[in-house]
Q: 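Here it is, the structure in full.
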Amino acid sequence: MTHKEVRVNRKAAARVASGHPWIFSSDVLDRGDASPGDAVHVVDPGGRLLGTAHYSSTSLISLRMLSPRSETVDKEFLLGRLKSSHDYRRMVAPDTDAYRAVYAEADQLPGLIVDRYGDCLVMQTLDQGMDLQIAVIAECLVRMFAPRVIVARNDAAVRSREGLPLETRILHGEVPGDIRVTMNGLSFQVDLIGGQKTGIFLDQRENYLAAARWARGKALDCFTCTGGFALHLASRCETVEAVDSSAASLRAAASNAQANGISNIHFLEANAFDLLAGHAAAGRRFRTIVLDPPAFAKSRSAVEGALRGYREINLRALKLLEPGGVMVTCSCSHHVSEAMLLEVVAQASLDANRTVRVLERRTQALDHPILLTVPETHYLKCLVLQVI
Ligand code: SAH
């Protein structure tokens, strides 16, 4: 098969040489006759081959590198990449039936997410190239996993930058009535169609265990969603107050608690910022607090406002901690670096007049791998801190 060719400038060539898979539209010199979603040859100004990439006609990211070689992006190629992703998960996520099976750029499959929940798969094709291959990818997944169902949760907003529709579709099989997975020995119900992201949060799986290791006394889980942290804290703590602003998430969390025979979690629908201020006014104290808010910075321009949000929430929480108390504080905004989060929390500790030690500096679970040369793949920061 002959490839279409897209010519890029020296800056883009240097970026590819530095190990980053994205080429921006401003660095494209000549798109040739590339059509939306084509796998194209990328060449430098002198015509030297840089590799094969998926082309997007509308996104600011015009090219996503798939390989440094000339490659025919067909079923065999995709199956090879999917199999290496799978081999890696067998090593890093052996004890769970819920994990991220494919994490886009970090698995050299830019634009593709696949999450596994027991015998159900949920996928997202987030660029024109992967979207064009959706049927082929589904075929590969059927062959590898023999799943009961494959759902395409293509309702992610980033698809609109690719000119792709926002939709949820069933690609294979039927959605079973009750889907349960086991994470760290606890059972969680999964809503493939209506849940946040692709169902439940998988990236905190290892941090749940870390939090549980340090937890005791009275605990507060401020953004509990379907109860991930709260359920893990329950066996270690007297009581857990689990808070979320979404009633639907709390219903799911409560049913997860019940399914695991846990009865010491109190669920509360509230805005976490207001709730923390109310607890401070009432003189409440906690031994363990978890802050896992949604991404406050969804873009670079939102970073400043986000830092104010992180500072505020950490300040309010630190004021509620007993001496010796532990706070697990997270940020899933990739625009907010670990250094930025550490600085914000340090400032909050000064304002709260607390001396705080760092017990652990953590990140996303290993099934969401981080590529050394692609900083965007590192998005989750999780600090375990103790007031001394
Ligand atoms: N800790 C969860 C994931 C949290 S996702 C887990 O491990 O599964 C962020 C959650 O924060 C969402 O459930 C969202 O409903 C909730 N949320 C967003 N803004 C909030 C606010 N101001 N107060 C309380 N909850 C909020």
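Remember, it's 1-based here, ligands and their atoms both numbered in the order they're listed. Sequential numbering from 1 along the given sequence is applied to the chain's residues.
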Q: Would N271 count as a contact of ligand 1 if the rule is a heavy atom under 4.0 Å away?
A: yes
Q: Going by distance only, is there an N or O of D221 that falls short of 3.5 Å from an N or O of ligand 1?
A: no
Q: Should you measure from each heavy atom of Y208, which atoms of ligand 1 turn up under 4.0 Å away?
A: 6 (C), 7 (O), 8 (O)
Q: Go through Q189 and D178 one step at a time and tell me if the side-chain hydrogen bond (donor to acceptor under 3.5 Å, both in side chains) criterion holds.
A: CA-CA 7 Å; Q189 190 165 27; D178 188 29; 2.8 Å; yes
Q: Is the side chain of S331 donor-acceptor paired with the backbone N or O of K381 at a distance under 3.5 Å, no angle test?
A: no
Q: Can you find a non-hydrogen atom of C332 under 4.0 Å from ligand 1?
A: no
Q: Give a yes or no on whether the backbone of V326 and the side-chain of T288 come within a donor-acceptor separation of less than 3.5 Å.
A: no
Q: Tell me whether D244 has any N or O atom under 3.5 angstrom from an N or O of ligand 1.
A: yes
Q: Should you measure from each heavy atom of A270, which atoms of ligand 1 turn up under 4.0 Å away?
A: 23 (N), 24 (C)
Q: In terms of side-chain heavy atoms, does E162 have a donor or acceptor partner in T58 at a distance below 3.5 Å?
A: no
Q: Given L291, which partner from the list L220, T329, V345 fulfils the side chain to side chain contact (heavy atoms under 4.5 Å, CB included) test?
A: T329
Q: Could you point out which residue of R116, R89, R90, R205 forms a salt bridge (Lys or Arg N to Asp or Glu O under 4.0 Å) with D367?
A: R205
Q: C225 heavy atoms, cut-off 4.0 Å: which ligand 1 atoms fall inside?
A: 2 (C), 3 (C), 4 (C), 8 (O), 13 (O)
Q: Where does the angle between the aromatic ring planes of H232 and Y208 fall among parallel (under 30°), tilted (30 to 60°) and perpendicular (over 60°)?
A: parallel
Q: Taking heavy atoms and a distance under 4.0 Å, where does F223 meet ligand 1: side chain, backbone, both or neither?
A: both
Q: As an exercise, identify every atom of ligand 1 less than 4.0 angstrom from a heavy atom of S246.
A: 15 (O)
Q: Below 3.5 Å, N or O to N or O, backbone or side chain included: is there any such pair between V243 and ligand 1?
A: no
Q: Once the angle between the rings of H41 and H3 is folded into 0 to 90°, is it parallel (under 30°), tilted (30 to 60°) or perpendicular (over 60°)?
A: parallel
Q: Would you kindly specify which portion of L275 sits under 4.0 Å from ligand 1, judged on non-hydrogen atoms: side chain, backbone, both or neither?
A: neither
